[in-house]
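Worksheet: the structure to be examined is printed underneath.
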Amino acid sequence: MPFEHSGEIDAARDELYRIRHSLAHVLAQAVLEMREGATLGFGPPIQDGFYYDFVLPEPITEADFPELERRMRRILKKGQRFYQEELPKAEALARIDEMGEPYKREYAQELCEKNGLESLSFYRNGPFLDMCEGPHVDTSKDIPRDAFKIRSVAGAYWRGDSRNTMMTRIYAWAFEDKTALDAYVEAYELALERDHKKLGKELDIFTIDNEIGRGLPLWLPNGTVIRDELEKLARELEFADGYQRVATPHIAKQDLFYRTGHLPYYADDMYPPIEVLEQTEHGDVVKEAYVLKPMNCPHHHKIFASSLRSYRELPLRLAEYGHVYRFEDSGAVGGLLRVRGMCMNDAHIYCTEEQIADEFRNVISLYDRAYSILGLKEYFLRLSCWDPEDPQGKNKYVDEPEAWESSQVILRNILNELNLDYVEAKGEAAFYGPKIDVQFPTVTGREESVSTVQLDFAIPKRLDLKYIGPDGDEHVPYCIHRAPFSTHERFVAYLIEHFGGAFPTWLAPVQVQVLTVSEQFDAYAQGIVNELRADFVRAELGSTSDTVSKKIREGTTRKIPNLLIVGEREVEAKEVTLRRYGIREQTTMPFAAFKEKLRATINTRALEFVL
RNA sequence: GCUCACAUAGCUCAGGCGGUAGAGCACUUCCUUGGUAAGGAAGAGGUCAUCGGUUCAAAUCCGAUUGUGAGCACCA
C-alpha cells in the first residue's frame with residue numbers, strides 16, 4: 001500500500017526494494033523482541049535503506065544498535081518465509097485490533113474509508129505480522145546479512161504531523177551486498193568532510209557566538225571576502241539586466257506587515273515587536289511598534305509607491321542585498337543553512353501582466369549565467385504551487401483561486417517553453433503566489449531550497465501599488481520576487497560544500513600565498529606580494545620561519561588556490577614557481593607572465609587557473 | 001517546538017566506576033636557513049558549559065538550564 005510518507009521512494013519494486021522493505025519487517029521483529037509492548041508506525045524503504053517508526057515503552061538508543069543488529073542477523077539466518085494474506089475489510093480490522101496496533105488501525109480505517117479499499121493485505125514472517133502491501137523477498141535468507149547497518153535513531157511525528165505522537169524512528173542503510181554498503185558508507189563519511197560547518201570553522205569563514213545569539217553568524221574576514229565577491233558578481237549581472245540598486249532599513253512599523261498580510265499569520269516567524277513611545281506634535285505620547293523585517297518586499301514596494309509610476313517605467317527592477325530577520329524554531333537553526341539573521345540577494349520586478357513571461361525568462365537566464373560561472377550542476381527546479389485542498393488553506397494562501405490557477409499556468413508554460421526539467425510540488429507556494437524554487441542537496445543528502453523566483457499577484461494590490469497605463473487609467477502591477485544567489489548564509493554554505501572549501505581563485509579569501517625557500521628571499525617575496533596587492537589581488541606572505549615542507553602543508557591545508565614558491569633560482573631570473581591547489585606539477589614562469597595569467601583567471605572568474 | 005545523543009585547553013580528542021586533569025595541532029620564545037604536506041627545544045594555556053542536589057569530598061553521580069548535532073515538524 002502506498003505509504004504516503006516523506007522519504008519514501010517511488011522506485012520500481014525491484015529486488016533492492018524488496019530487500020529493504022523486508023529488512024524493515026526484520027528490524028521491527030527485533031525491536032519487538034527487545035521492547036515488549038512497542039507499537040508500530042510506518043516502515044518504508046527509502047533512498048539508501050529503510051526506517052521503521054515505533055512507540056516504545058523504553059527508549060532505544062545508539063547503545064542498543066549492536067544488539068539490534070545481532071538479533072536482526074539471527075532472524076535472517078532463520079530463513080523465515082514471507083507470507084502474504086489478503087483479508088476482507090471487516091476481518092482485517094478485527095485482526096489489527098487483535099494485534100493491538102492503534103496506529104496501524106487508524107491507517108487501515110483511513111484506507112478503507114478514504115480510498116474505498118474492500119480488503120487489506122498482511123505479511124507474516126516468523127512471529128511478525130504487519131499490515132503491508134509488500135512486496136517482500138521470499139525468505140529472510142534472500143537478504144544479505146552483512147549489507148545493512150543501523151544508522152541512527154530519531155524522533156518523528158506519526159503521519160508527519162506535529163500534533164500527533166512523537167514516535168521513535170530507526171534509520172538503517174541497506175544495499176544488495178557488503179561492497180555496495182561499504183562504498184556508500186565511505187562516500188557518506190567522505191561527504192561529511194565537506195560539511196560547511198566543519199569547513200567553515202577550519203577555514204575561518206564564520207563563527208557563531210552564543211552571546212551574540214543562536215542563528216546569528218559572525219562573518220570572519222575570509223567569509224566576508226566570499227560575500228563581497230558574490231555580491232560583486234550579482235551586482236554586475238543585475239546591472240547588465242537593467243536592475244537598479246536600492247537600500248532600505250532593517251526595521252519598519254509593525255502595521256505595514258499587517259497591511260501586506262504577513263501578520264498575524266507569520267507572527268511566530270518574526271522577532272517580537274520593539275515598542276517605543278513617541279511624542280506627537282501636540283505633546284501626546286503615542287505607543288509605536290516596530291519589527292525587524294522578515295523580508296524586503298514591503299520596503300521595496302514602498303519605493304515603488306514613492307512616486308507616480310507610468311507604464312513606461314515598467315518593468316521596474318529594484319535590487320538590494322537586504323538584511324532580514326526571521327525567528328526560526330530553535331530546532332531548525334543550524335550552521336549557515338538555517339539562520340535567524342540573513343542577507344538576501346533580493347530584487348523585486350514590477351511589471352504588467354504581458355511582461356511577466358519575459359521577465360521570468362530574464363530571471364532564469366540570470367540564474368543560468370550565475371550558476372554556470374560557479375559550475376553548479378547539482379540543482380533541480382521545483383514549481384511550487386498552492387494546495388487548494390489544504391484544510392488550513394484559507395490561512396496559508398491568499399484566497400483567489402482564479403489568480404492562483406492563471407499564475408501557475410504562466411510559470412508552467414515558461415518552464416515548458418524553456419525546456420527545463422522540473423518537479424511540481426503542491427503546497428509549497430508562498431502565501432501570495434506560486435514560485436519556482438531551485439533545490440540543492442546538502443552533503444548529507446538533505447534537500448534545501450536555495451534560490452527562488454516568485455510571482456506575487458496579491459501584495460501589490462494590498463499595498464495599493466499602481467501605475468498609469470497607456471489608457472490613462474490606474475492599474476495594479478504584478479511583482480516578481482527573485483533571489484538567484486539566495487541569502488549569503490545559505491548560498492555560501494552550499495558553495496563551501498560544493499567546492500569542498502577549495503574555492504576558485506576569484507572567490508578565494510587568499511588568492512595567492514608566496515612561500516620562500518629560506519628567509520633570505522623574504523624581501524623578494526614581499527615585493528611580489530606588494531605588487532600583487534597593488535593590483536587588488538589578495539596575496540600574502542607565508543610564514544617565514546618554517547621549513548618549505550611546512551609552509552606548503554600550511555598553504556595546502558588552508559586550501560589556498562595558488563602558492564608561489566621562490567628561492568635562489570626564482571630570485572635570479574625574476575621568476576615564480578606556481579603550485580596550484582591539488583596539483584603536484586608546478587610551473588615556473590617569469591613573475592610578469594604569472595601576474596598576467598592571474599589577472600585573466602580572476603577577471604574571467606575561471607574555475608581553474610588559466611595557464 | 002518535539003525525540004534522542006552530546007558538552008573536558010583556541011582546534012581535534014583522550015581520561016575520569018567520586019579524591020580538583022592529559023596528548024597532538026595551533027600560540028609565545030629560542031635554536032635551525034631548510035627546494036616541495038609537520039626540523040628541534042622550552043613555555044604559556046582549562047575551577048572539565050552553567051546553576052542546584054547528593055557526599056567528608058563532584059570535573060566524574062542525580063536534576064534543571066543553556067548550547068550543539070541528527071532526525072521530525074516548520075521553512076514568506
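Quick caveat: nothing in here was measured; it's all calculated off a predicted structure. Numbers restart at 1 for each chain; the letters A, B, ... are given by sequence-line order, proteins then strands.
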Return yes if the base of B:G71 and the side-chain atoms of A:Y157 contain a donor-acceptor N/O pair under 3.5 Å, otherwise no.
->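 No, no donor-acceptor pair under 3.5 Å.
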
Hey, can you tell me if A:F431 and A:H262 have their rings parallel, tilted or perpendicular (30° and 60° cut-offs)?
->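 A:F431 vs A:H262 ring planes: perpendicular.
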
Look for any protein N or O under 3.5 Å of an N or O in nucleotides 32-35 of chain B and output each such pair with its distance, or none.
{"from": "B:U33", "atom 1": "O2", "to": "A:S518", "atom 2": "OG", "distance (Å)": "3.3"}
{"from": "B:U33", "atom 1": "O2", "to": "A:E519", "atom 2": "N", "distance (Å)": "2.8"}
{"from": "B:U33", "atom 1": "O4", "to": "A:E519", "atom 2": "OE1", "distance (Å)": "2.9"}
{"from": "B:U33", "atom 1": "O4", "to": "A:E519", "atom 2": "OE2", "distance (Å)": "3.0"}
{"from": "B:G34", "atom 1": "N7", "to": "A:V517", "atom 2": "O", "distance (Å)": "2.2"}
{"from": "B:G34", "atom 1": "O6", "to": "A:E519", "atom 2": "N", "distance (Å)": "2.8"}
{"from": "B:G35", "atom 1": "O6", "to": "A:E568", "atom 2": "N", "distance (Å)": "3.0"}
{"from": "B:G35", "atom 1": "O6", "to": "A:R569", "atom 2": "N", "distance (Å)": "3.1"}
{"from": "B:G35", "atom 1": "O6", "to": "A:E570", "atom 2": "OE1", "distance (Å)": "3.4"}
{"from": "B:G35", "atom 1": "N1", "to": "A:E570", "atom 2": "OE1", "distance (Å)": "2.9"}
{"from": "B:G35", "atom 1": "N1", "to": "A:E570", "atom 2": "OE2", "distance (Å)": "3.4"}
{"from": "B:G35", "atom 1": "N2", "to": "A:E570", "atom 2": "OE2", "distance (Å)": "3.0"}

Which residue pairs pass the salt bridge (charged side-chain N to carboxylate O under 4.0 Å, His left out) test when at least one of the two sits in residues 37-47 of chain A, sequence neighbours left out?
->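 Counting only pairs at least two positions apart or across chains, no salt bridge (charged side-chain N to carboxylate O under 4.0 Å, His left out) contact touches residues 37-47 of chain A.
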
A:R151 NZ/CZ over A:Y171 ring centroid, <6.0 Å and within 45° of normal =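 Positive - A:R151 is close enough to the ring of A:Y171 and near enough to its axis.
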
Which nucleotide sits closest to the side chain of [X]: [options]?
X: A:A332; options: B:A76, B:A73, B:G71; value: B:A73
X: A:S549; options: B:A76, B:G71, B:A38; value: B:A38
X: A:M166; options: B:U3, B:A38, B:A76; value: B:U3
X: A:R490; options: B:C75, B:C4, B:A37; value: B:C75
X: A:R338; options: B:C75, B:A73, B:A76; value: B:C75
X: A:I552; options: B:A26, B:A37, B:A70; value: B:A37

Interatomic spacing from CD1 in A:I565 to CZ in A:F521 - rounded to 0.5 Å =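 Taking CD1 in A:I565 and CZ in A:F521, the distance rounds to 13.5 Å.
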
Interatomic distance, A:K293 atom NZ to A:H299 atom NE2 [nearest 0.5 angstrom] |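 Interatomic distance, A:K293 NZ to A:H299 NE2, rounded to 0.5 Å: 5.0 Å.
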
Under 3.5 Å, side-chain donor or acceptor atoms of residues 547-555 of chain A against the rest of the protein: list the pairs with distances, not counting sequence neighbours.
{"from": "A:T547", "atom 1": "OG1", "to": "A:K550", "atom 2": "N", "distance (Å)": "3.2"}
{"from": "A:K551", "atom 1": "NZ", "to": "A:T516", "atom 2": "O", "distance (Å)": "2.8"}
{"from": "A:K551", "atom 1": "NZ", "to": "A:T516", "atom 2": "OG1", "distance (Å)": "3.2"}

Does any pair with a residue in residues 560-569 of chain A pass side-chain hydrogen bond (donor to acceptor under 3.5 Å, both in side chains), and if so which ones, sequence neighbours excluded?
->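 Sorted pair list: A:T505-A:N562.
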
For [N] and [M], measure between their [atom1] atoms and round to the nearest Å.
N: B:U60; M: B:G16; atom1: P; answer: 15 Å
N: B:A59; M: B:U55; atom1: P; answer: 16 Å
N: B:A73; M: B:C17; atom1: C1'; answer: 40 Å
N: B:C2; M: B:G18; atom1: P; answer: 32 Å
N: B:C31; M: B:A49; atom1: C1'; answer: 41 Å
N: B:U66; M: B:C56; atom1: C1'; answer: 31 Å
N: B:A38; M: B:C72; atom1: P; answer: 42 Å
N: B:G43; M: B:C4; atom1: C1'; answer: 43 Å

Near RNA chain B, under 4.0 Å by heavy atom, which residues of residues 187-202 of chain A?
->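 Output list: A:K197, A:K201.
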
For the ring pair A:F594 and A:F609, is the centre-to-centre distance below 6.0 Å?
->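 Yes; A:F609 has its ring centre under 6.0 Å from that of A:F594.
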
Specify the separation, in whole Å, of atom [atom1] of [X] and atom [atom2] of [N].
X: A:E62; N: B:G69; atom1: CD; atom2: C1'; result: 11 Å
X: A:F457; N: B:A76; atom1: CZ; atom2: C1'; result: 14 Å
X: A:F65; N: B:C4; atom1: CZ; atom2: P; result: 13 Å
X: A:H348; N: B:A76; atom1: NE2; atom2: P; result: 14 Å

State which residue, out of A:Y107, A:F50, A:Y51, A:Y103, fulfils the ring pair (Phe, Tyr, Trp, His ring centres under 6.0 Å) condition with A:F42.
->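 Output: one option passes, namely A:Y107.
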
Using the ring pair (Phe, Tyr, Trp, His ring centres under 6.0 Å) rule, pick out the option among A:W404, A:Y432, A:W386, A:Y397 that qualifies with A:F457.
->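 Among A:W404, A:Y432, A:W386, A:Y397, the one that satisfies the ring pair (Phe, Tyr, Trp, His ring centres under 6.0 Å) with A:F457 is A:W404.
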
Report yes if some heavy atom in the side chain of A:F304 is under 4.5 Å from a heavy atom in the side chain of A:H348; otherwise report no.
->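 Side chain of A:F304 against side chain of A:H348, heavy atoms only: no contact under 4.5 Å found.
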
Would you say the side chain of A:N345 lies within less than 4.5 Å of the side chain of A:Y321, judging by non-hydrogen atoms?
->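 In short, these two side chains touch, coming nearer than 4.5 Å.
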
Name every donor-acceptor pair, under 3.5 Å, that has one atom in a side chain of residues 329-339 of chain A and the other anywhere in the protein, sequence neighbours excluded.
{"from": "A:R338", "atom 1": "NE", "to": "A:E328", "atom 2": "OE1", "distance (Å)": "3.2"}
{"from": "A:R338", "atom 1": "NH2", "to": "A:E328", "atom 2": "OE1", "distance (Å)": "2.9"}

State, without any angle test, whether A:E378 and A:Y494 hold a side-chain donor-acceptor pair at a distance under 3.5 Å.
->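 Yes.
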
Regarding [X], tell me which of base, sugar-phosphate or nothing describes its non-hydrogen contacts under 4.0 Å with the strands shown.
X: A:G582; result: nothing
X: A:D269; result: base
X: A:T556; result: base

Just jot down the salt bridge (charged side-chain N to carboxylate O under 4.0 Å, His left out) partners of A:E62, sequence neighbours excluded, or say none.
->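 Here no residue qualifies.
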
Taking for each residue the nucleotide of RNA chain B with the nearest heavy atom, is it A:H481 or A:Y581 whose nucleotide lies nearer the 5' end?
->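 Mapping each residue to its closest nucleotide by heavy atoms, the 5'-most match is A:Y581.
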
Check the phosphate of [N] against [X], side-chain N and O only, distance under 4.0 Å to OP1 or OP2. Yes or no?
X: A:Y266; N: B:C74; answer: no
X: A:R446; N: B:G71; answer: yes
X: A:S330; N: B:G1; answer: yes

Between A:E320 (side chain) and A:T248 (backbone), is there a donor-acceptor pair under 3.5 Å?
->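 Between the backbone of A:T248 and the side chain of A:E320 there is a qualifying donor-acceptor contact (under 3.5 Å).
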
Extract the stems that RNA chain B is part of, considering only consecutive pairing runs of at least three Watson-Crick or G-U wobble pairs, both distances under 3.5 Å.
->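 Paired runs of 3+ in RNA chain B: B:1-7 with B:66-72, B:10-13 with B:22-25, B:27-31 with B:39-43, B:49-53 with B:61-65.
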
Between the protein and nucleotides 41-48 of chain B, which nitrogen or oxygen pairs come in under 3.5 angstrom?
none

Exercise answer: donor-acceptor pairs, residues 197-210 of chain A side-chain atoms, under 3.5 Å, sequence neighbours excluded:
{"from": "A:K198", "atom 1": "NZ", "to": "A:E202", "atom 2": "OE2", "distance (Å)": "3.2"}
{"from": "A:D209", "atom 1": "OD1", "to": "A:E211", "atom 2": "N", "distance (Å)": "2.7"}

Report the residues that fulfil ring pair (Phe, Tyr, Trp, His ring centres under 6.0 Å) with A:Y52, sequence neighbours left out, ordered by chain and then residue number.
->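 Per chain and number, A:Y52 pairs via ring pair (Phe, Tyr, Trp, His ring centres under 6.0 Å) with A:F54.
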
With the criterion being N/O to N/O and under 3.5 Å, what pairs connect the protein with nucleotides 64-67 of chain B, and how long is each?
{"from": "B:G67", "atom 1": "OP2", "to": "A:R214", "atom 2": "NH2", "distance (Å)": "3.4"}

